[in-house]
Amino acid sequence: DMKVTQMPRYLIKRMGENVLLECGQDMSHETMYWYRQDPGLGLQLIYISYDVDSNSEGDIPKGYRVSRKKREHFSLILDSAKTNQTSVYFCASSQGYSDYTFGSGTRLLVI
Amino acid sequence: QQKVQQSPESLTVSEGAMASLNCTFSDGTSNNFRWYRQHSAKGLEVLVSIFSDGEKEEGRFTAHLNRANLHVSLHIREPQPSDSAVYLCAVRTNTNKVVFGTGTRLQVLP
């Protein structure tokens, strides 16, 4: 069953704490993405990864970094989380120009 | 930079009545457009993909693309309450990035 799995589904962190969001896919897709979704702003691209250790900034990379050491796994890291990083984070993967496959999202609350 | 706008922001229709959603984009050189549906706090599922001007039907969902007018629409035939969701328009740019619209929230009343 082809899918993208995100962990955790829900997360509450205090301002200044480090946050690790995990994403895995079982389709051997080369390209993976991290988006955040906020009301009125839609989905905004944070980072793209074209393959292992081949990452590129998206439209809103500030405050985030990523890690991709295996093709099937892509992590989003928030060093010293801020309250304005409260959002729903989606991971997706694709191969070439194929449709994106999205995970179910991680709802992060930074207090 | 490709910009994608959707209208209306929200739409309420009765079960069985046609629902029409609109999406405009700024760069007409894109040739890869998709409509996604997102049920509350869940992931996105692709409904229709369209790559050339004209019409593309997938079940009850039909997309119309007119690149000259920078417009792509989604029409939902015989909508049901289970179709209540947020609908997102997505445009893939020539650099293989996908830009999403802000969505239309559709409510279908029984």
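Cluster annotation: A:V110 and A:W34 are assigned to the same hydrophobic cluster (Ile/Leu/Val/Met/Phe/Trp/Tyr, side-chain heavy-atom contacts under 4.5 Å, transitive). With hydrophobic clusters built from ILVMFWY side chains whose heavy atoms lie under 4.5 angstrom apart, A:Y33 does not share a cluster with A:F74. Linking Ile, Leu, Val, Met, Phe, Trp and Tyr whenever their side-chain heavy atoms come within less than 4.5 Å leaves A:L45 and B:F25 in two separate clusters. Hydrophobic clustering (ILVMFWY, side-chain heavy atoms < 4.5 Å, transitive): B:I76 and B:L65 are in one cluster. Clustering ILVMFWY residues whenever any of their side-chain heavy atoms sit less than 4.5 angstrom apart, transitively, puts B:Y87 in the very cluster that holds B:V108.
Neither the backbone nor the side chain of B:E45 has a heavy atom closer than 4.5 Å to any heavy atom of chain A.
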**Q.** side chain to side chain contact (heavy atoms under 4.5 Å, CB included) assessment of A:F90 paired with B:Q38
**A.** CA-CA 12 Å; A:F90 285 98; B:Q38 183 182 25; 3.2 Å; yes
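Considering every non-hydrogen atom in both B:S49 and A:D99, the closest pair reads OG-OD1, 3.2 Å. The two atoms that bring B:V98 and A:Y35 nearest to each other are O-OH, 3.3 Å, heavy atoms only.
A:L43 CG to B:L88 CG: the interatomic distance, rounded to the nearest 0.5 Å, is 6.0 Å. Here OH of A:Y100 is found 5.0 Å from CZ of B:R92. Values are rounded to the nearest 0.5 Å. Here A:Q44 contributes atom CD and B:F100 contributes atom CZ; the two are 12.0 Å apart, rounded to the nearest 0.5 Å.
Within 6.0 Å of the CE atom in B:M18, the count of heavy atoms belonging to other residues, nucleotides or ligands exceeds 12. Taking a 6.0 Å sphere around CD1 of A:I12, one finds it holds 12 or fewer heavy atoms contributed by other residues, nucleotides or ligands.
Between chain B and the residues A:I48, A:D38, A:D59, A:V4, the largest count of heavy-atom pairs under 4.5 Å involves A:D59.
The distance between the ring centers of B:Y36 and A:F102 falls below 6.0 angstrom.
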